[in-house]
Every structure is written in C-alpha cells, then in structure tokens.
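Atoms within each ligand, like the ligands themselves, are counted from 1 in listed order. Numbers here are sequence positions counted from 1.
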Amino acid sequence: MRVFNFAAGPATLPLEVLEQARDELLDWQGCGMSVMEVSHRSKAFVALAERAVSDLRELLAVPANYRILFLQGGATGQFAGIPLNLAPAEAVADYINTGQWSKKAIAEARRYCKVNVAADAGGKYCTVPPQSALSLTPGAAYLHYTPNETIGGVEFSYVPQSGEVPLVADFSSTILSRPLDVARFGLIYAGAQKNIGPSGLVLVIVREDLVGRARPGTPAIFDYKAMADDQSMLNTPPTFGWYVAGLVFQWLKRQGGLAAMGERNRAKAAKLYECIDGSSFYANPVEPVSRSWMNVPFTMARPELEKEFLAGAAKAGLVNLEGHRSVGGMRASIYNAMPMAGVEALVAFMREFERTRG
Ligand SMILES: *Cc1c(COP(=O)(O)O)cnc(C)c1O
C-alpha cells in the first residue's frame, strides 16, 4: 500500500511517474533494456536528455541567455561550485543567513573566498530579513540566499534586489512550486530529491555571462563552462535521475504548469496552517509572511505526546512527519507531488488527535 510520505528529501514522487517508470523499466522505448542500461551517448538517451532540458526551460520560462546544467554532487557540491566559478579568491561574496542551509553554504564558501554576511535573521531563524536590512558589498562577486529553508520552514516572500551584483539562490526545496522570474537571477540551483526527482542530480540554471569564469584549479566537473560545452555530459551523468526528472517535468506540464501548481501549493499550505493556527494545541513558530509552502514544521502543546502522534500517524498511512533531528517536533513536507488528499488526511488526523489526546 502507498502511504502519504511527508519526508523532506528524498521525497514523494508523483504516482503516475512511478507507474510509468515501472511499466517501462525492463524494456525502455523498445530497446530491450532499461533506461539505466543505455549509453548516455546513445541517440535515444540524448533525445530524452534534451527533452528534459527543454521541458524545464518551458516550465520555468528560462530566457535564452541562460544555460541549464544537470550536474552531480548535490546542492552541497554547489556550495563549493558557486564560489569556484563566480568568485576570484580575493573577492567578497555576500550571503543572507536565514537558517541551517544558509549556514552550510556560508561555511563552504568561506573555504574559497571572503564572505560578508549581509544579514542574519538570528534568534531561532523564524523570520526573513527585509531588503532594507541587507548590508551589501559594492562590487561583490554575488549575493547568495536560500529562498526556502527546508529545515526551518522559512521562505522569502520577496526576491532580494542586488543591483548589478548577480543574485544566486539555492532553490532546492521550492523550485517548480510556482512560477519564477528567472531573469532576476544570475544563478539558480536545486538538488533534485525535494521537488524534481531522485537524488543524485542537481540543476544549475546560470546566466551565460557567468559561465567561463571558473578560477584555475576548479575540477572540470564543477566548471560550468566545461559542463555547458558538453551538454552536462563531460562524464557519465546520473542517467536514471535525469530520466525520472524528465518524467516529472512532463507530469508538471500535464498538471497545467507552474501557475496551476502554485495555486494547488498555496491551497495545500493554507489548509495545513489553518489547522495549526486554529488550534491551541499545535503551533508553528515562523512569522506568517515568511511561512514556507513546502515545509511546515509544527510543535504540540504537550511534547511528551510526540511519539504517540508519530506512531498513530504512521498507522494511518501518514509517514515521515518527524522534525529534523536538529530541531525536533514535527515537519510536514508538502512538495508538488503531495496531493491535497494527503494534506486533508493529515489535517483530519491532527484534529482527531487533538480531540482525543489534547
Ligand atoms: C536538501 C538541501 C540541500 C542539500 O542538498 P544535497 O543534495 O543533499 O547536497 C541544500 N540546500 C537546501 C535548501 C536543501 O533543502
């Protein structure tokens, strides 16, 4: 039986996509073998790869002067890849710190360049600093931020303005959740395992003028130009992940694209926050305007009941609701592939738990 999987990542995938992958697993496109066993240089695979890139370009309306790269090493690899490609060793890069993923990006960047923390949300990281609080470095190599903090459940309600300085964003847990104006960014990156497909793949969408600036010593597989010149196939790409990501992009198009997904995601998040806010038993600590549509952490008035809550939820087919190991409590990740029915089932369970145990 399929459960509703609220994991933060690797995360739930659309059932239709899994069914298609299952149906063609042993014999992909009449090749007599699975897509995992096909050469990445074969005509059939190259066609699949190109279609995935063009579908993504269409979904996100990526302008022609941006390159789309399918890389490895996860978003964490890009924590290093970004300064290696965009910041000369003496340069300053600005970073906004809104929580745990920002902190990891900052720590890694510090190994390669000077980092100015342009703003630090501070406290328990339940807010997003306003534009007016950003202390930006004139001539910085770039400004980096994390539009959605997956662990804290904190999401920017605005796109920071960085003037001439390229804006770089870790969209790992919110890419494709709604339309996005790519032209405002110098570089967007996202690990696949939250809202795209299986782990092992990281997308980089980078403006052309930022390609070809890697510092000497940058490994070729992290060099945007080397990868762009070879259509992300300088070496063997994660072929299965690329294939599933392509199926997800086609699924998103069938759903009506990102405007339709945005409406659904807004409704799903609203339903869950309404349940939390309408009760004195559950609570979410994030300032309302900065609440994530994708990752919803919550606590209970009686924390000693958490184990019982999680066990009861799992029995009801609602799994992976425990909060991140560093913060505790609960967290429901409700990415694109989580249907409204899953959120409704969770809300019904929460209400019943409060009624009987609260
Ligand atoms: C999950 C996540 C990462 C780390 O991704 P990996 O692919 O494991 O390296 C980085 N940033 C954000 C915002 C994330 O949600």
A.B. asks: Using a threshold of 4.0 angstrom between heavy atoms of the protein and any atom of ligand 1, which residues qualify?
C.D. replies: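 Ligand 1 pocket, heavy atoms under 4.0 Å: Gly74, Ala75, Thr76, Phe79, Trp101, Thr146, Asn148, Thr150, Asp170, Ser172, Ser173, Gln193, Lys194.
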
A.B. asks: Heavy-atom distance under 4.5 Å between the side chains of Met227 and Phe222, does that happen here?
C.D. replies: no

A.B. asks: Given the side-chain rings of Phe309 and Phe349, with only the six-membered ring counted for Trp, is the space between their centroids under 6.0 Å?
C.D. replies: yes

A.B. asks: Can you name the side chain to side chain contact (heavy atoms under 4.5 Å, CB included) partners of Met33, sequence neighbours left out?
C.D. replies: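 With sequence neighbours excluded, Met33 shows a side chain to side chain contact (heavy atoms under 4.5 Å, CB included) to Cys31, Glu37, Val38, given in chain and number order.
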
A.B. asks: Answer yes when Arg357 and Glu354 have at least one side-chain N-carboxylate O distance shorter than 4.0 Å, and no when they do not.
C.D. replies: no

A.B. asks: Parallel, tilted or perpendicular: which fits the ring planes of Phe156 and Tyr145, with parallel below 30° and perpendicular above 60°?
C.D. replies: perpendicular

A.B. asks: May I have the step-by-step check of salt bridge (Lys or Arg N to Asp or Glu O under 4.0 Å) for Lys268 and Glu274, ending in yes or no?
C.D. replies: CA-CA 10 Å; Lys268 277 153 52 187; Glu274 193 184 283; over 6 Å; no

